[in-house]
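Only one structure is covered here, and it is reproduced in the block below.
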Amino acid sequence: MKRILITITSVVLAVSGAFCGCGKKESKVEDILTESEKAFSEKYKDVPDDEEGPILSISNTSAPAGGRAEVTVSVKNAADKWNVCGIHVAYPEELDCVNTQEEGNEAEYELGEAAEDANFSSAMEWHGERPEEMEKKKLGAFFFTAGFTMQGGGDGDIVTFYLDIPENAESGTVYPIEFYFFDADIFTDLSENRSMEKYAFSHWESGSVTVE
């Protein structure tokens, strides 16, 4: 239990540094790779591939202009196989992540059945200087982490977030909602199975918000 709490704390501290814009390194990304892709390639270059594993996905949802969209992150093929996660989700900066308070960056969220028994969970909207890739693509982001003292993570919905749509958004506009990889991200089990984590982060599925 102590090791799991240390792991979760390490994830939160690592990501908190990114969210305040501290310690940002100059980008040296090759033209063929984005910053996110290079971070993934570097972290898992020596990790063996699994033939199957967890599939993380983001919902495709809709809401009217000026309305609030519910965006859900789910997982399958992972029942009782994971115990800690820490993931980033990126969205066009025209959308506004709903926070628990007007001031601050604690994102409002609701746990789904896959994480409802988590011993720990937290969420933050990105504040501060963004990586070059996110600046160029005009992306905002939020980070979510949850953990269990045992291998208790289930299949199904992990967490739902809320994004406000601009009042002047045109009907039919589709906003892509995507996972964004940082080297502090995590999705693993009690044995810290990096092959399982690599599979989860290389097979995740993006979602969208469509204006009604």
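Any value given below was found using the heavy atoms of this structure, including those in side chains, with hydrogens, waters and symmetry copies removed. Being a predicted model, the structure only gives us computed values, none of them experimental.
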Mind jotting down which residue pairs meet the ring pair (Phe, Tyr, Trp, His ring centres under 6.0 Å) criterion with at least one end in residues 92-112? Sequence neighbours excluded, please. Y109-F144

On a heavy-atom basis, which atom in I58 and which in I177 lie closest, and how many Å separate them? CD1-O, 3.6 Å

In short, salt bridge (Lys or Arg N to Asp or Glu O under 4.0 Å) pairs touching residues 134-146 with sequence neighbours left out are R130-E135, E132-K136, E133-K137

Listed by chain and number, what are the side-chain hydrogen bond (donor to acceptor under 3.5 Å, both in side chains) partners of Y44, not counting sequence neighbours? E197

Kindly say whether K38 contributes a backbone atom to a donor-acceptor pair with the side chain of K43 at under 3.5 angstrom? no

With T100, which residues qualify under side chain to side chain contact (heavy atoms under 4.5 Å, CB included), at least two apart? E106, E108

Among residues at least two apart in sequence or on other chains, which ones pass side chain to side chain contact (heavy atoms under 4.5 Å, CB included) with A39? F181

Testing the 3.5 Å rule here: is there a donor-acceptor pair between the side chains of S191 and N193? no

Please identify each residue that fulfils salt bridge (Lys or Arg N to Asp or Glu O under 4.0 Å) with E116, with sequence neighbours left out. none

Could you pull out all donor-acceptor pairs under 3.5 Å where a side-chain atom in residues 205-212 meets a protein atom, sequence neighbours excluded?
from, atom 1, to, atom 2, distance (Å)
S208, OG, N60, OD1, 2.8
E212, OE2, S62, OG, 3.2

Who are the side chain to side chain contact (heavy atoms under 4.5 Å, CB included) partners of E110, not counting sequence neighbours? Y162

In short, ring pair (Phe, Tyr, Trp, His ring centres under 6.0 Å) pairs touching residues 51-85 with sequence neighbours left out are W82-F148, W82-F187

Under the side chain to side chain contact (heavy atoms under 4.5 Å, CB included) test, residues paired with D96 that sit two or more places apart: E125, D164

Would you mind writing out the side-chain donor-acceptor pairs for residues 71-79 within the sub-3.5 Å range, not counting sequence neighbours?
from, atom 1, to, atom 2, distance (Å)
T72, OG1, T160, OG1, 2.7
S74, OG, D157, OD1, 2.7

Give me each pair satisfying side-chain hydrogen bond (donor to acceptor under 3.5 Å, both in side chains) with a member in residues 48-58, each pair once, sequence neighbours excluded. D49-K198

